[in-house]
Amino acid sequence: GEDVEQSLFLSVREGDSSVINCTYTDSSSTYLYWYKQEPGAGLQLLTYIFSNMDMKQDQRLTVLLNKKDKHLSLRIADTQTGDSAIYFCAESYSGYSTLTFGKGTMLLVSP
Amino acid sequence: GAVVSQHPSRVICKSGTSVKIECRSLDFQATTMFWYRQFPKKSLMLMATSNEGSKATYEQGVEKDKFLINHASLTLSTLTVTSAHPEDSSFYICSASPEDNQPQHFGDGTRLSIL
């Protein structure tokens, strides 16, 4: 079945870059997403990438996709304490189809 | 654009009570909405797919009679937790997408606590 794996925890210092990694198994995935969840809140869509793209950059966020290895990464440049949250990697076939989530990576940014 | 709103954000009630949670798409129509449940420090578990004008599709292991879903309009889906018990306490989140070629957006979630 479909599976999405990501590391559970990452700790960085403020100002450093953070890289959160994710692997998935479903080769038919068309959309690959990164969501951010702060304590007690819902999920905020950070960015997403289509499977026919290699890279997408949006301000401090860079998403890299290696489709051959089914590997997705999220790089946050100049990480701030406000970036501390849980980051979920997810994949789906379309906007109307169900999402398969990873277990989430807790990012802790220390001053 | 693509805002999904959930209400209420938090509910605390006694065991045996039924609780209704609303999920609204504010600036788009959603023929399909999804309901997820999230346990503490866990990922999201898909409970059901809500389809406007037809019955919801439930995931394996989710009790249909316990978690009633109604999608009566193109902008509103409701999840009713019937005769709630402490084990139903959880964080419930809904999502929807404005178009098939656009990503899903999530509501802010509802924290349900059953005493």
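These numbers come from the heavy atoms of this one structure, side chains and all, not from hydrogens, waters or symmetry mates.
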What I want to check is whether the side chains of [X] and [Y] have a donor and an acceptor closer together than 3.5 Å.
X       : Y        : result
A:Thr79 : A:Ser18  : yes
A:Ser94 : B:Asp100 : yes
A:Gln6  : A:Thr105 : yes
B:Ser77 : B:Trp35  : yes

Got a sec, which pairs hit salt bridge (charged side-chain N to carboxylate O under 4.0 Å, His left out) with one end in residues 98-111 of chain A, sequence neighbours left out?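 For residues 98-111 of chain A, and leaving out neighbouring residues, there are no salt bridge (charged side-chain N to carboxylate O under 4.0 Å, His left out) pairs at all.
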Pairs involving residues 66-82 of chain A, ordered by first then second residue, that meet salt bridge (charged side-chain N to carboxylate O under 4.0 Å, His left out) (sequence neighbours left out):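 For residues 66-82 of chain A, and leaving out neighbouring residues, there are no salt bridge (charged side-chain N to carboxylate O under 4.0 Å, His left out) pairs at all.
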Passing option when B:Thr80 is tested against B:Lys20, B:Glu22, B:Lys66 for side-chain contact (heavy atoms from CB on, under 4.5 Å):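 Going through the options one by one, the only one that passes is B:Lys20.
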What part of [X] lies closer than 4.5 angstrom to a heavy atom of chain B: side chain, backbone, both or neither?
X       : answer
A:Ile86 : neither
A:Tyr33 : side chain
A:Leu43 : both
A:Phe50 : side chain
A:Ser97 : backbone
A:Gln44 : neither

In terms of heavy-atom pairs under 4.5 Å with chain A, which of B:Thr110, B:Ile93, B:Val4, B:Leu44 leads?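 Looking at each option in turn, the highest pair count goes to B:Leu44.
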Can any side-chain N or O of B:His71 pair as donor or acceptor with the backbone N or O of B:Ser73 at less than 3.5 Å?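 Checking the backbone N and O of B:Ser73 against the side chain of B:His71, a donor-acceptor pair under 3.5 Å is found.
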Taking A:Ser84 for its side chain and A:Val109 for its backbone only, find out whether a donor-acceptor pair lies under 3.5 Å.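 Present.
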Applying ring-ring contact (aromatic ring centres under 6.0 Å, His included), name anything that partners B:Phe39, two or more places apart in sequence or on another chain.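 By the ring-ring contact (aromatic ring centres under 6.0 Å, His included) rule, B:Phe39 matches no residue at all.
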Is it the side chain or the backbone of B:Gln38 that comes within 4.5 Å of chain A heavy atoms, both, or neither?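 When you check distances to chain A, only side chain atoms of B:Gln38 fall under 4.5 Å.
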For B:Gln102, is it the side chain, the backbone, both or neither that has a heavy atom under 4.5 Å from a heavy atom of chain A?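 It is the backbone, since no side chain atom gets that close.
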Is A:Lys36 positioned over the aromatic face of A:Phe88, cation under 6.0 angstrom from the ring centre and no more than 45 degrees off axis?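 Pair A:Lys36/A:Phe88 does not count as cation-pi.
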Highest number of heavy-atom pairs under 4.5 Å with chain B: which of A:Gly40, A:Ala41, A:Gly104?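 Of the candidates given, the most pairs with chain B belong to A:Ala41.
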Which residues from residues 83-92 of chain B are near chain A, with near meaning under 4.5 Å between non-hydrogen atoms?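 Checking residues 83-92 of chain B against chain A gives B:Phe91.
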